[in-house]
Amino acid sequence: QVISVEWRSEKSLDAVESVKSELAKGSILAGAAITGDMLDPAKDATALALFIPSSLSPKHVRQVSRALQQAVEDERIARSGIDRAMLTRLADQPEPLTTRISPAGSEAKERTELRLLVPGAFMFLLWICVFTSANYLLTTTIEEKSNKVMEVLLAAASPMQLLAGKILGYSMVSAVMLLMYGGLGIA
Amino acid sequence: PPLVGTIVVVDPSDTIVPRAKAILETP
(Lines give C-alpha, C1' and ligand atoms only; values in the text may rest on other atoms or scores of the structure.)
Protein backbone atom coordinates (compact mmCIF):
# COMPACT_ATOMS: atom_id res chain seq x y z
CA GLN A 1 0.00 0.00 0.00
CA VAL A 2 1.27 3.48 -0.91
CA ILE A 3 1.56 5.71 2.14
CA SER A 4 2.53 9.28 1.41
CA VAL A 5 1.53 11.32 4.43
CA GLU A 6 2.81 14.72 5.40
CA TRP A 7 2.60 15.48 9.10
CA ARG A 8 2.09 18.96 10.50
CA SER A 9 2.25 19.84 14.17
CA GLU A 10 0.36 22.72 15.76
CA LYS A 11 1.42 23.86 19.22
CA SER A 12 -1.67 25.76 20.34
CA LEU A 13 -4.90 23.96 21.22
CA ASP A 14 -6.75 26.89 19.65
CA ALA A 15 -5.79 25.43 16.26
CA VAL A 16 -8.44 22.69 16.64
CA GLU A 17 -11.12 24.89 15.05
CA SER A 18 -8.91 25.70 12.05
CA VAL A 19 -8.15 21.96 11.66
CA LYS A 20 -11.90 21.28 11.54
CA SER A 21 -12.44 23.92 8.88
CA GLU A 22 -9.53 22.53 6.83
CA LEU A 23 -11.16 19.09 7.05
CA ALA A 24 -14.48 20.49 5.89
CA LYS A 25 -12.71 22.02 2.87
CA GLY A 26 -11.03 18.68 2.15
CA SER A 27 -7.50 20.10 2.20
CA ILE A 28 -6.20 17.68 4.87
CA LEU A 29 -6.51 13.92 5.46
CA ALA A 30 -7.12 13.94 9.22
CA GLY A 31 -6.55 15.94 12.39
CA ALA A 32 -5.89 15.00 15.99
CA ALA A 33 -5.70 16.86 19.28
CA ILE A 34 -3.37 15.73 22.06
CA THR A 35 -3.42 17.47 25.42
CA GLY A 36 -0.64 17.46 27.97
CA ASP A 37 -2.69 15.34 30.38
CA MET A 38 -2.90 12.52 27.85
CA LEU A 39 0.88 12.19 27.83
CA ASP A 40 1.28 12.36 31.61
CA PRO A 41 2.20 8.83 32.78
CA ALA A 42 0.89 9.60 36.28
CA LYS A 43 -2.64 10.05 34.89
CA ASP A 44 -5.02 7.57 33.25
CA ALA A 45 -4.91 7.29 29.47
CA THR A 46 -7.73 9.38 28.06
CA ALA A 47 -9.34 9.33 24.63
CA LEU A 48 -7.54 11.36 22.00
CA ALA A 49 -9.65 13.53 19.70
CA LEU A 50 -9.43 12.42 16.07
CA PHE A 51 -11.07 14.44 13.30
CA ILE A 52 -11.67 12.86 9.90
CA PRO A 53 -13.56 13.86 6.78
CA SER A 54 -16.76 11.92 5.97
CA SER A 55 -15.13 10.42 2.86
CA LEU A 56 -12.20 8.73 4.66
CA SER A 57 -12.37 4.91 4.40
CA PRO A 58 -12.60 2.80 7.60
CA LYS A 59 -9.24 1.18 6.75
CA HIS A 60 -7.48 4.55 6.63
CA VAL A 61 -9.20 5.63 9.86
CA ARG A 62 -7.88 2.45 11.52
CA GLN A 63 -4.34 3.07 10.23
CA VAL A 64 -4.22 6.70 11.36
CA SER A 65 -5.83 6.08 14.76
CA ARG A 66 -3.55 3.07 15.43
CA ALA A 67 -0.44 5.18 14.64
CA LEU A 68 -1.60 7.96 16.95
CA GLN A 69 -2.63 5.56 19.77
CA GLN A 70 0.73 3.78 19.54
CA ALA A 71 2.60 7.10 19.50
CA VAL A 72 0.77 8.31 22.63
CA GLU A 73 1.47 4.98 24.36
CA ASP A 74 5.18 5.13 23.42
CA GLU A 75 5.45 8.72 24.67
CA ARG A 76 3.76 7.89 27.98
CA ILE A 77 6.12 4.93 28.50
CA ALA A 78 9.16 7.04 27.54
CA ARG A 79 8.13 9.76 30.00
CA SER A 80 7.68 7.25 32.81
CA GLY A 81 11.33 6.23 32.43
CA ILE A 82 10.49 2.51 32.30
CA ASP A 83 12.13 0.41 29.62
CA ARG A 84 9.46 -0.80 27.19
CA ALA A 85 10.99 -4.28 26.90
CA MET A 86 10.96 -4.61 30.69
CA LEU A 87 7.33 -3.44 30.80
CA THR A 88 6.37 -6.12 28.27
CA ARG A 89 8.24 -8.74 30.30
CA LEU A 90 6.51 -7.65 33.52
CA ALA A 91 3.05 -7.68 31.95
CA ASP A 92 3.63 -11.10 30.37
CA GLN A 93 1.52 -13.72 32.16
CA PRO A 94 3.17 -17.11 32.59
CA GLU A 95 1.59 -19.94 30.62
CA PRO A 96 0.50 -22.86 32.88
CA LEU A 97 1.94 -26.24 31.93
CA THR A 98 -0.99 -28.39 33.05
CA THR A 99 -0.55 -32.06 33.87
CA ARG A 100 -3.54 -34.28 34.61
CA ILE A 101 -2.88 -36.91 37.27
CA SER A 102 -5.19 -39.92 37.29
CA PRO A 103 -6.26 -41.78 40.49
CA ALA A 104 -3.72 -44.47 39.53
CA GLY A 105 -0.96 -41.84 39.61
CA SER A 106 -0.18 -41.70 35.90
CA GLU A 107 0.50 -38.29 34.37
CA ALA A 108 -0.77 -36.91 31.08
CA LYS A 109 -0.28 -33.54 29.41
CA GLU A 110 -3.46 -31.45 29.20
CA ARG A 111 -4.48 -30.80 25.60
CA THR A 112 -7.29 -28.23 25.72
CA GLU A 113 -7.43 -27.85 21.92
CA LEU A 114 -8.00 -31.59 21.44
CA ARG A 115 -10.71 -31.61 24.09
CA LEU A 116 -12.57 -28.94 22.13
CA LEU A 117 -11.73 -30.27 18.67
CA VAL A 118 -13.09 -33.82 19.05
CA PRO A 119 -16.66 -32.88 20.15
CA GLY A 120 -16.63 -30.09 17.57
CA ALA A 121 -15.72 -32.52 14.80
CA PHE A 122 -18.44 -34.97 15.88
CA MET A 123 -21.01 -32.18 16.01
CA PHE A 124 -20.06 -31.20 12.47
CA LEU A 125 -20.31 -34.84 11.34
CA LEU A 126 -23.79 -35.17 12.86
CA TRP A 127 -24.83 -31.96 11.16
CA ILE A 128 -23.62 -33.28 7.77
CA CYS A 129 -25.52 -36.57 8.26
CA VAL A 130 -28.78 -34.83 9.21
CA PHE A 131 -28.64 -32.41 6.33
CA THR A 132 -27.67 -35.06 3.76
CA SER A 133 -30.43 -37.49 4.77
CA ALA A 134 -33.10 -34.75 5.01
CA ASN A 135 -32.18 -33.65 1.52
CA TYR A 136 -32.40 -37.25 0.18
CA LEU A 137 -35.77 -37.75 1.85
CA LEU A 138 -37.20 -34.61 0.29
CA THR A 139 -35.77 -35.29 -3.18
CA THR A 140 -36.92 -38.92 -3.36
CA THR A 141 -40.44 -38.08 -2.09
CA ILE A 142 -40.82 -35.42 -4.80
CA GLU A 143 -39.38 -37.80 -7.42
CA GLU A 144 -41.78 -40.64 -6.47
CA LYS A 145 -44.68 -38.21 -6.53
CA SER A 146 -43.76 -36.94 -9.99
CA ASN A 147 -43.24 -40.31 -11.73
CA LYS A 148 -46.39 -41.95 -10.23
CA VAL A 149 -44.44 -44.50 -8.16
CA MET A 150 -46.12 -43.01 -5.10
CA GLU A 151 -49.57 -44.05 -6.35
CA VAL A 152 -48.46 -47.66 -6.75
CA LEU A 153 -46.90 -47.64 -3.29
CA LEU A 154 -50.00 -46.07 -1.72
CA ALA A 155 -52.09 -48.96 -3.04
CA ALA A 156 -50.11 -51.30 -0.80
CA ALA A 157 -49.44 -49.10 2.28
CA SER A 158 -51.00 -46.12 4.06
CA PRO A 159 -49.35 -42.64 3.69
CA MET A 160 -48.35 -42.76 7.37
CA GLN A 161 -46.64 -46.15 6.95
CA LEU A 162 -44.90 -44.98 3.77
CA LEU A 163 -43.47 -41.80 5.30
CA ALA A 164 -42.59 -43.53 8.58
CA GLY A 165 -40.74 -46.18 6.57
CA LYS A 166 -38.88 -43.53 4.56
CA ILE A 167 -37.85 -41.62 7.69
CA LEU A 168 -36.75 -44.84 9.40
CA GLY A 169 -34.82 -45.94 6.30
CA TYR A 170 -32.98 -42.65 5.94
CA SER A 171 -32.26 -42.59 9.67
CA MET A 172 -30.55 -45.94 9.22
CA VAL A 173 -28.60 -44.59 6.23
CA SER A 174 -27.50 -41.61 8.35
CA ALA A 175 -26.51 -43.94 11.19
CA VAL A 176 -24.36 -45.97 8.77
CA MET A 177 -22.72 -42.75 7.48
CA LEU A 178 -22.10 -41.59 11.04
CA LEU A 179 -20.60 -44.93 12.01
CA MET A 180 -18.39 -45.02 8.91
CA TYR A 181 -17.01 -41.48 9.25
CA GLY A 182 -16.88 -41.68 13.05
CA GLY A 183 -15.10 -45.03 12.94
CA LEU A 184 -12.66 -43.67 10.38
CA GLY A 185 -12.00 -40.64 12.60
CA ILE A 186 -11.45 -42.77 15.71
CA ALA A 187 -9.20 -45.16 13.77
CA PRO B 1 -6.29 2.59 -1.84
CA PRO B 2 -3.22 4.80 -1.21
CA LEU B 3 -3.10 6.84 1.95
CA VAL B 4 -2.14 10.29 0.70
CA GLY B 5 -2.56 13.69 2.33
CA THR B 6 -1.68 15.80 5.33
CA ILE B 7 -2.39 14.92 8.94
CA VAL B 8 -2.40 17.80 11.41
CA VAL B 9 -1.68 17.02 15.04
CA VAL B 10 -2.45 19.65 17.65
CA ASP B 11 0.12 18.76 20.28
CA PRO B 12 1.70 21.33 22.63
CA SER B 13 4.55 18.92 23.47
CA ASP B 14 5.43 18.36 19.78
CA THR B 15 6.48 14.76 20.48
CA ILE B 16 3.70 12.74 18.88
CA VAL B 17 4.30 13.56 15.21
CA PRO B 18 7.76 11.93 14.85
CA ARG B 19 6.54 8.79 16.64
CA ALA B 20 3.25 8.53 14.70
CA LYS B 21 5.08 9.15 11.41
CA ALA B 22 7.53 6.32 12.11
CA ILE B 23 4.71 3.94 13.16
CA LEU B 24 2.56 4.70 10.10
CA GLU B 25 5.47 4.24 7.70
CA THR B 26 6.52 0.93 9.28
CA PRO B 27 4.96 -1.89 7.24
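Since the model is a prediction, treat every value here as computed from it, not as a measurement.
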Any B/Arg19 side-chain heavy atom under 4.5 Å of A/Gln70 side chain
no
Measure distances from A/Val19 to the heavy atoms of chain B and classify the residue's part below 4.5 Å as side chain, backbone, both or neither.
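Interface part for A/Val19: side chain.
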When only pairs under 4.5 Å are counted, which of A/Ala78, A/Ala30, A/Gly31, A/Ser57 shares the most heavy-atom pairs with chain B?
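Maximum pair count with chain B is reached by A/Ala30.
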Crowding at CG, A/Asn147 (>12 non-hydrogen neighbours, <6.0 Å)
yes
Is the closest side-chain heavy-atom distance between B/Thr6 and A/Val5 below 4.5 Å?
no
Decide whether B/Asp14 and A/Ser9 meet the rule of one side-chain donor and one side-chain acceptor closer than 3.5 Å.
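Per modelled atom types, B/Asp14 and A/Ser9 side chains form a pair under 3.5 Å.
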Is A/Val72 linked to A/Leu50 within one hydrophobic cluster, defined over Ile, Leu, Val, Met, Phe, Trp and Tyr using a side-chain heavy-atom separation of less than 4.5 Å?
yes
Looking at side-chain heavy atoms only, is the closest gap between A/Gln63 and B/Leu24 below 4.5 Å?
yes
Answer with side chain, backbone, both or neither: which region of A/Arg79 has an atom nearer than 4.5 Å to a non-hydrogen atom of chain B?
side chain
Counting only heavy atoms not in A/Glu110 (residues, nucleotides, ligands), do more than 12 fall under 6.0 Å from its CD?
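For A/Glu110, atom CD is crowded (more than 12 foreign heavy atoms under 6.0 Å).
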Side-chain contact test, heavy atoms from C-beta onward, threshold under 4.5 Å: evaluate it for B/Pro1 versus A/His60 and give yes or no.
yes
Specify the closest pair of heavy atoms between B/Ala20 and A/Ala67, including all atoms of both residues, with the distance to one decimal.
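Result for this residue pair: O-CB, 3.8 Å.
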Please answer: with hydrophobic residues joined when any side-chain heavy atoms are less than 4.5 Å apart, are A/Tyr181 and A/Leu126 in the same cluster?
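Yes, one cluster joins them.
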Under 4.5 Å from any heavy atom of chain B - which part of A/Leu39:
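The side chain, not the backbone.
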Quick one: of B/Val8, B/Val4, B/Ile23, who has the most non-hydrogen atom pairs under 4.5 Å with chain A?
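It is B/Val8.
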For a 4.5 angstrom cut-off between non-hydrogen side-chain atoms, does A/Leu29 reach B/Leu3?
yes
Validation row: B/Val9, A/Leu68 side chains within 4.5 angstrom (heavy atoms)
yes
Count I, L, V, M, F, W, Y as connected when their side-chain heavy atoms are under 4.5 Å apart, and connections chain through other members. Are A/Ile28 and B/Ile7 then in the same cluster?
no
Same apolar cluster (I L V M F W Y, side chains within < 4.5 Å links), B/Ile16/A/Ile52
yes
May I ask you to check whether over 12 heavy atoms, not counting those of A/Leu116, lie within 6.0 Å of atom CG?
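Counting other residues, nucleotides and ligands, CG of A/Leu116 exceeds 12 neighbours.
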Other residues, nucleotides and ligands only: do more than 12 of their heavy atoms fall within 6.0 Å of CZ on A/Phe51?
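Yes, enclosed.
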Inspect the surroundings of NZ in A/Lys166 and state if more than 12 heavy atoms from other residues, nucleotides or ligands are less than 6.0 Å away.
yes
